[in-house]
Amino acid sequence: MKTWPALALRFKSPVSPDAGSLEELLSATLDDFHPTAVQELDDRWLVFFTDQADRDRAAAALPAVAPGSLRVERLDVPDEDWARRSQEGLTAVQVGRIIIAPPWAAPGDARLTRDGSRTRPATIVIQPSMGFGTGHHASTRLCTALLQRLDLVGRTVLDVGTGSGVLALVAHALGAKTVIGVDDDPDALESARENLVLNGVTSGIDLRQGDFRGLSVQRADVVTANLTGGLLARGADILASAVAPGGSLIISGVLLDEEAEVLAAFGPRLQIVEHVTEDDWMGGRLTAPTLPTRTAAR
Ligand code: SAH
């Protein structure tokens, strides 16, 4: 598992005649080393960095700020814990009849229901961690909205770049027969697995690790790909090939000013039929032509 470089700063008591100015001095010194966050706990400060070299330089510089009254310890904090702590303020998000909620904001009786009800909201619980997709990014919401406009009951779905597994779970909740979620980031897949368990899903969603450009999967009725404009454009042929005749591809992660280029890449194979936007992001549904009907043999 990835770790974040961090420092634990412990103050020996008595700290100094003037603890307030020591804290200010520490904060000012830390600023030179680009900390990403400082957590002030009762007995220590935890200071997080993205870069280990910054952390090490800060560890070398800090003792001089308060000679004799500060203990500096280097730590490597597991990624997930840090991500969780930093996201504890997240709340539930509703898109149409789908609610995406972190465990602490999910209704007590939240269970993913697949009763085909088109009116009752379905709650999907997502544990915020390193898998992208808590519902707090516009691109996830755009895909969630577009998925609800389709009748997924009995359909096959391929979720490319599944991240937290959120869109796979949305498709499952909307009645998809089978969903395959693909991601090349093992941490993302680990969080997706955790989210399947949290939602009580034991079958119907299959997770696979790998770059979608090298995986061989069966064509699906609906393919979701919330990636980036560049990746969609470069992978357009492969994504288009993954859509069954007459099926749909839902894309997002595309900035409005990238849209023309992305659609041009799909142009020869898929046609845009729906277009939604939020802030600077667009989401779209493209369709593949149905198979030409055969002329009956005489
Ligand atoms: N589907 C989720 C997450 C989207 S973030 C949502 O809608 O919120 C995009 C995801 O695509 C990330 O988890 C990233 O690891 C994955 N990804 C990026 N490039 C990929 C590739 N070439 N093959 C497979 N997955 C990829």
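Remember, it's a predicted structure, so these values are computed and weren't measured experimentally. This chain uses plain numbering: 1 for the first residue, then up along the sequence. Note that ligands are numbered from 1 as they come in the structure, with each ligand's atoms numbered from 1 the same way.
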Student: Pairing donors with acceptors under 3.5 angstrom, does anything connect the side chains of Ser164 and Asn195?
Tutor: no
Student: Begin with the C-alpha distance, continue with both residues' side-chain angles, and end with the deciding distance and a verdict on side-chain hydrogen bond (donor to acceptor under 3.5 Å, both in side chains) for Thr162 and Arg208.
Tutor: CA-CA 9 Å; Thr162 198; Arg208 301 201 192 155; over 6 Å; no
Student: Using a 4.0 Å heavy-atom cut-off, which part of Leu231 comes near ligand 1: side chain, backbone, both, or neither?
Tutor: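 Answer for Leu231: side chain.
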Student: For ligand 1, is there an atom lying under 4.0 Å from some heavy atom of Gly235?
Tutor: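 The answer is no: ligand 1 sits nowhere under 4.0 Å from a heavy atom of Gly235.
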Student: More than 12 foreign heavy atoms under 6.0 Å from CD of Glu261: is that the case here?
Tutor: no
Student: If you count the atoms of ligand 1 from 1 in the order shown, which ones are under 4.0 Å from a heavy atom of Gly210?
Tutor: 23 (N), 24 (C)
Student: Under 4.0 Å from a heavy atom of Leu227: which atoms of ligand 1 are those, numbered in the order shown and with their elements?
Tutor: 11 (O)
Student: Pick one of side chain, backbone, both or neither for how Thr162 approaches ligand 1, counting any non-hydrogen atom pair under 4.0 Å.
Tutor: backbone
Student: If we only count N/O pairs under 3.5 Å, is Val166 in contact with ligand 1?
Tutor: no
Student: Using heavy atoms and a threshold below 4.0 Å, how should the contact between Asn226 and ligand 1 be classified: side chain, backbone, both, or neither?
Tutor: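 Both backbone and side chain.
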Student: Side chain, backbone, both or neither: which part of Asp183 comes within less than 4.0 Å of ligand 1 when only heavy atoms are counted?
Tutor: both
Student: With heavy-atom distances below 4.0 Å as the criterion, list the atoms of ligand 1 near Arg213.
Tutor: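 Counting from 1, the qualifying ligand atoms are 22 (N).
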Student: Show your reasoning for whether side chain to side chain contact (heavy atoms under 4.5 Å, CB included) applies to Val93 and His136.
Tutor: CA-CA 7 Å; Val93 171; His136 291 80; 3.5 Å; yes
Student: Quick check on Arg10: does its CZ atom have over 12 non-hydrogen neighbours (other residues, nucleotides or ligands) under 6.0 Å away?
Tutor: yes
Student: Considering only heavy atoms of Leu167, which atoms of ligand 1 have at least one such atom less than 4.0 Å away?
Tutor: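 What qualifies from ligand 1 is 1 (N), 7 (O).
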Student: Which residue supplies the protein heavy atom nearest to atom 22 (N) of ligand 1, what is that atom called, and how far is it?
Tutor: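 For atom 22 (N) of ligand 1, the nearest protein heavy atom is Asp211 OD1, 3.1 Å.
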Student: What's the shortest distance from atom 11 (O) of ligand 1 to any protein heavy atom, and which residue and atom give it?
Tutor: Gly161 CA, 3.1 Å
Student: Under 6.0 Å from the CD atom of Gln271, do we count more than 12 heavy atoms belonging to anything else shown?
Tutor: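 12 or below, so no.
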Student: Work out which heavy atom in Cys143 is nearest to a heavy atom in Ser252; give both atom names and the distance.
Tutor: SG-CB, 3.5 Å
Student: For Arg269 and Ser241, test the side chains for any donor-to-acceptor distance below 3.5 angstrom and give the result as yes or no.
Tutor: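 A donor-acceptor contact under 3.5 Å links the two side chains.
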Student: What protein heavy atom lies closest to atom 23 (N) of ligand 1? Include the residue and the distance to one decimal.
Tutor: Phe212 N, 3.1 Å
Student: Looking only at protein heavy atoms, identify the closest one to atom 5 (S) of ligand 1 and say how far it is in Å.
Tutor: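 Its nearest protein heavy-atom neighbour is Phe132 CD2, 3.3 Å.
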Student: If you measure every N/O of Thr140 against every N/O of ligand 1, is any gap under 3.5 Å?
Tutor: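 For ligand 1, there is an N or O atom that lies under 3.5 Å from one belonging to Thr140.
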Student: Tell me whether Glu258 contacts the main-chain N or O of Leu255 through its side chain, where contact means a donor paired with an acceptor under 3.5 Å.
Tutor: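 Confirmed, Glu258 side chain pairs with Leu255 backbone.
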Student: Only heavy atoms of Asp185, strictly under 4.0 Å: list the atoms of ligand 1 that pass.
Tutor: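 In order of numbering, the contacting atoms are 15 (O).
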Student: Any link between Val170 and Leu196 through a network of hydrophobic side chains (Ile, Leu, Val, Met, Phe, Trp, Tyr) touching at under 4.5 Å?
Tutor: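 In one cluster with Val170: Leu196, yes.
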Student: Could you tell me the residue and atom name of the protein heavy atom closest to atom 21 (C) of ligand 1, and the distance to it rounded to 0.1 Å?
Tutor: Asp184 OD2, 3.4 Å
Student: Would you say that more than 12 heavy atoms from the other residues, nucleotides or ligands in this model lie under 6.0 Å from the CZ of Arg285, or not?
Tutor: yes
